[in-house]
Protein chains: 2
Amino acid sequence: MFSSIDPRSPVPLYEQIAACVRVAVASGELAAGEALPSVRGLARELRINPATVVQAYRDLAADGFVEMRHGQGTFVQEVSPLLRREERAVQARELIRRLLEDAARRGIGVDDLSRAFQVETGVEIRE
Amino acid sequence: MFSSIDPRSPVPLYEQIAACVRVAVASGELAAGEALPSVRGLARELRINPATVVQAYRDLAADGFVEMRHGQGTFVQEVSPLLRREERAVQARELIRRLLEDAARRGIGVDDLSRAFQVETGVEIRE
DNA sequence: ATCGGTGTATCGGTCCTATAATACACTGAA
DNA sequence: TTCAGTGTATTATAGGACCGATACACCGAT
């Protein structure tokens with residue numbers, strides 16, 4: 001599940017770890033209620049510091065993906081597909097807002113973005 | 001033109017300055033061929049270091065927005081609307097690629113993004 | 001009660017970025 | 001030539017992000 005972790009990558013280790021967990025949950029490899037690897041266990045397996053794993057798990061917990069139970073472990077959160085879908089929508093809107101800000105700062109308009117979106121994803125757009 | 005510059009903002013000063021110039025050019029407040037404020041002059045006006053202004057101007061020069069002439073000043077570049085439009089398109093695609101990476105890392109799909117785009121901008125989307 | 005598992009909290013070091021400071025080099029007009 | 005203006009280059013400082021080390025606190029089985 002964590003085979004793609006690369007300490008030399010420019011993206012932070014804790015983000016890589018969190019990403020692995022997210023895709024594992026999305027793909028069903030990690031079912032709701034199931035326990036994640038322990039902080040120490042994963043740290044030993046990846047030969048990194050426990051605190052780094054903690055940071056990844058805390059991010060996931062902040063997003064409601066997992067729950068950390070002191071003394072017990074970290075578990076995939078039970079949420080209805082509807083709620084999870086809503087959560088994704090919220091985050092997607094946040095990403096789009098940031099995109100629009102960045103673009104505006106460079107004088108790039110919504111029409112430029114929608115065209116680029118179409119080119120990169122194949123999703124067609126109309127006004 | 002630089003009234004919105006805020007040293008306490010989390011976005012770097014040089015980006016704020018570059019953004020101001022870009023919108024000034026886009027709005028026509030700064031015509032092609034016209035000179036920008038000198039590095040020292042703007043630095044004094046904003047009470048910041050000249051090197052910070054330089055970094056902003058260099059970014060703009062790298063994007064082809066302005067031309068820095070040693071000993072003379074920094075001038076808004078003459079470019080055809082067509083070329084400028086192409087440049088915007090390139091940057092827009094770059095922004096979209098980054099958006100897609102960020103989203104994938106969080107398990108957010110293209111469909112989530114296109115819906116969010118629609119919500120935030122009012123632009124309708126179809127597959 | 002104890003012990004081996006778990007997460008929690010705090011500190012310090014390293015690296016990178018943004019910004020500043022300062023000295024340098026070019027241009028055009030007097 | 002000289003000088004006041006301009007951009008250029010190099011080095012130094014402050015701050016933050018990332019990661020590691022280490023000590024602490026909780027839980028459940030024995």
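Throughout, protein chains are lettered first and strands after them, A, B, ... in sequence-line order, and every chain is numbered starting at 1.
- Salt-bridge formation is detected for the pair B:Asp63/B:Arg22: a Lys NZ or Arg NE/NH1/NH2 atom is positioned less than 4.0 Å from an Asp or Glu carboxylate oxygen.
- For the pair B:Ile17/B:Ile48, a side-chain contact is recorded, criterion being any heavy-atom separation below 4.5 Å from C-beta on.
- Distance NE2 (A:His70) to P (C:dT6): 12 Å, rounded to an integer number of Å.
- For A:Gly71 and A:Val11, each mapped to the nucleotide of DNA chain D holding its nearest heavy atom, the one lying further toward the 5' end belongs to A:Val11.
- The separation between A:Gln16 atom CD and D:dA17 atom P is 19 Å, rounded to whole Å.
- Between B:Gln72 and D:dG5 there is no side-chain N or O to OP1 or OP2 distance below 4.0 Å.
- Nucleic acid contact for A:Arg69: sugar-phosphate only, since backbone atoms but no base atoms lie under 4.0 Å from a heavy atom of the residue.
- Between the CG atom of B:Leu42 and the P atom of C:dT19 there is a distance of 13 Å, given to the nearest Å.
- Atoms CG (A:Leu36) and P (C:dG7) sit 9 Å apart, rounded to a whole Å.
- Taking 4.0 angstrom as the limit, A:Thr74 places a side-chain polar atom (N or O) nearer than this to OP1 or OP2 of C:dG7.
- Residue A:Leu13 has its side chain nearest to D:dC19 when only D:dG7, C:dG7, D:dC19 are considered.
- The side chain of B:Met68 sits closest to D:dG7 out of C:dG7, D:dC18, D:dG7.
- Nearest-nucleotide assignment on DNA chain D puts the 5′-proximal partner with B:Ser38, out of B:Ser38 and B:Ala51.
- Contact annotation: B:Asn49 side-chain N/O to C:dT19 OP1/OP2 distance is not under 4.0 Å.
- The side chain of B:Thr52 contributes no N or O atom lying less than 4.0 Å from OP1 or OP2 of C:dA18.
- A salt bridge links B:Glu94 with B:Arg97: at least one charged nitrogen is closer than 4.0 Å to a carboxylate oxygen.
- Checking the phosphate oxygens (OP1, OP2) of C:dA18, a side-chain nitrogen or oxygen of B:Tyr14 falls inside 4.0 Å.
- Rounded to whole Å, atom P of C:dA18 lies 15 Å from atom CD1 of B:Ile5.
- The distance between atom CD of A:Gln55 and atom C1' of C:dA9, rounded to the nearest whole Å, is 14 Å.
- For B:Arg115 and B:Asp111, the salt-bridge test passes: some basic side-chain N is under 4.0 Å from an acidic carboxylate O.
- Atom-to-atom, CZ of A:Arg44 to P of C:dG7 comes out at 12 Å; the value is rounded to the nearest Å.
- The environment of A:Arg58 atom CZ is sparse: at most 12 non-hydrogen atoms of other residues, nucleotides or ligands sit within 6.0 angstrom.
- The nearest whole Å value for the distance from the CZ atom in B:Arg40 to the C1' atom in C:dC26 is 12 Å.
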